[in-house]
Amino acid sequence: MSVKVVSGSNSRHIAFPLAKKLGAEYSFVEVKKFPDEETYIRINTEVKGNDVIYVNSLQPNPNEALTETLITIDAINEQGAKRVFAVIPYMSYARQDEMFNAGEAVSVFTVGKLFKALNVQAIYTVDMHLHRIKDPRVTFGSSLINLTGVRELSKYVRTHLNYKNRIVVGPDAEAEQWAKIMGEELGLPYVTLEKKRLSGSEVKISEKHLGLKEKDVIIVDDIISTGGTILEAVKLLRDEGANRIAVTCTHPILAGDAYSKLKELDLELLAGTDTVLSPISFVEVYPVFYEELKKVVG
Ligand code: R5P
């Protein structure tokens with residue numbers, strides 16, 4: 001019996017160093033399209049009797065990635081793997097976690113049910129968007145383990161920023177969990193702003209008179225998607241007299257023209273992890289998964 005790391009289309013850059021660090025065999029899944037556009041999957045390694053770690057982020061191309069991931073994990077199980085561990089660096093569909101308007105599908109429930117049905121040993125993800133659902137195991141089953149990329153982001157900030165009068169800022173109430181971790185890691189205080197979402201791309205962030213005048217600020221959030229949250233937060237912080245501003249996030253989705261809008265902000269630092277590959281994915285996330293997986297395989 002050996003341990004095999006199998007990568008999906010989106011995450012070879014995570015699966016390869018993870019396999020190397022675990023001393024496991026690495027391979028990637030062959031993904032093609034049938035003539036009718038359905039997804040064809042072939043596992044390029046013998047999985048029978050082995051522990052298999054499958055790695056695939058559900059961004060970019062969330063619909064394709066979800067289909068590929070579900071079919072692959074099921075196939076690994078069907079082909080007789082001893083145990084299957086799913087590493088899903090970015091769990092898509094987690095943001096629709098409530099029926100905001102009558103008739104809307106709460107898609108996180110659907111995705112949770114699909115993963116639960118796969119019956120894997122464990123599903124590892126990082127900084128899953130959990131605003132209204134506090135415990136994702138309710139929908140994904142007890143095998144879901146939600147880790148954080150914020151300690152890796154903090155290490156990056158420590159080595160790349162030489163701020164003096166620093167404070168960590170979460171752009172909304174939900175970001176307190178990440179601001180707290182970064183604050184602890186860097187030995188800094190933290191505060192959160194107040195955000196109201198107006199639409200998919202528009203938010204309003206309100207002033208809370210947090211005494212940020214002349215402070216050097218490090219913003220931390222889970223996701224940058226349209227960039228609307230960060231644009232508003234930076235504007236508010238500058239209005240409040242903040243000095244230098246750095247922005248970090250776990251999942252730099254950077255949808256549409258988000259990156260060009262963020263570049264115009266003249267930030268001291270703009271960095272995310274590589275759960276999603278983007279121009280700012282400077283921080284490797286595989287060590288987070290390695291630390292957990294080394295306890296259970298090998
Ligand atoms: C939501 O509440 C999250 O924590 C992020 O703040 C949000 O997803 C960022 O999205 P956007 O970049 O589109 O504002």
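Each ligand, and each atom within it, is numbered from 1 in the order the structure gives. Since the structure is predicted, the reported quantities are computational estimates derived from the model, not experimental observations.
With Tyr290 as the aromatic partner, Lys21 meets the cation-pi criteria of under 6.0 angstrom to the ring centre and within 45 degrees of the ring axis.
With Leu262, Ile224, Asp221, Leu130 as candidates, the residue nearest to atom 6 (O) of ligand 1 on a non-hydrogen basis is Asp221.
Under 3.5 Å, the side chains of Lys195 and Thr229 contain a donor-acceptor pair of N or O atoms. With hydrogens and angles left out, the side-chain atoms of Trp178 and Asp127 include a donor and acceptor closer than 3.5 Å. For the 3.5 Å distance criterion, the side chains of Thr69 and Asn56 qualify, holding a donor opposite an acceptor. For the residue pair Asn243 and Asp216, a side-chain donor N or O sits within less than 3.5 Å of a side-chain acceptor on the partner. If you check the side chains of Ser2 and Glu25, you find no donor sitting under 3.5 Å from an acceptor.
Against a heavy-atom cut-off of under 4.0 Å, Ile223 is close to the following atoms of ligand 1: 5 (C), 7 (C), 8 (O), 9 (C). Those atoms of ligand 1 that come under 4.0 Å of a heavy atom in His131, given as number and element, are 1 (C), 2 (O), 3 (C), 4 (O). Listed by atom number, the atoms of ligand 1 under 4.0 Å from Gly227 heavy atoms are 11 (P), 12 (O), 13 (O). Against a heavy-atom cut-off of under 4.0 Å, Asp222 is close to the following atoms of ligand 1: 3 (C), 4 (O), 5 (C).
Contact annotation: for Ile230 versus ligand 1, there are no heavy atoms closer than 4.0 Å. Contacts with ligand 1 closer than 4.0 Å are made by side-chain heavy atoms of Lys195 only, the backbone lying farther away.
Between Phe289 and Tyr124, the distance separating the two ring centers is not shorter than 6.0 angstrom.
With hydrogens left out, the protein atom closest to atom 14 (O) of ligand 1 is Thr229 OG1, 2.5 Å, a heavy atom. Given atom 13 (O) of ligand 1, the protein heavy atom at minimum distance is Thr226 OG1, 2.6 Å. The closest protein non-hydrogen atom to atom 1 (C) of ligand 1 is His129 CE1, 3.2 Å.
Assignment of Pro171 to the shell around ligand 1 is not supported, since no heavy atom sits closer than 4.0 Å. Residue contacts with ligand 1 include Arg95, since one of its heavy atoms falls under 4.0 Å from the ligand.
Atom CG of Asn165 sits about 12.0 Å away from atom NZ of Lys213, to the nearest 0.5 Å.
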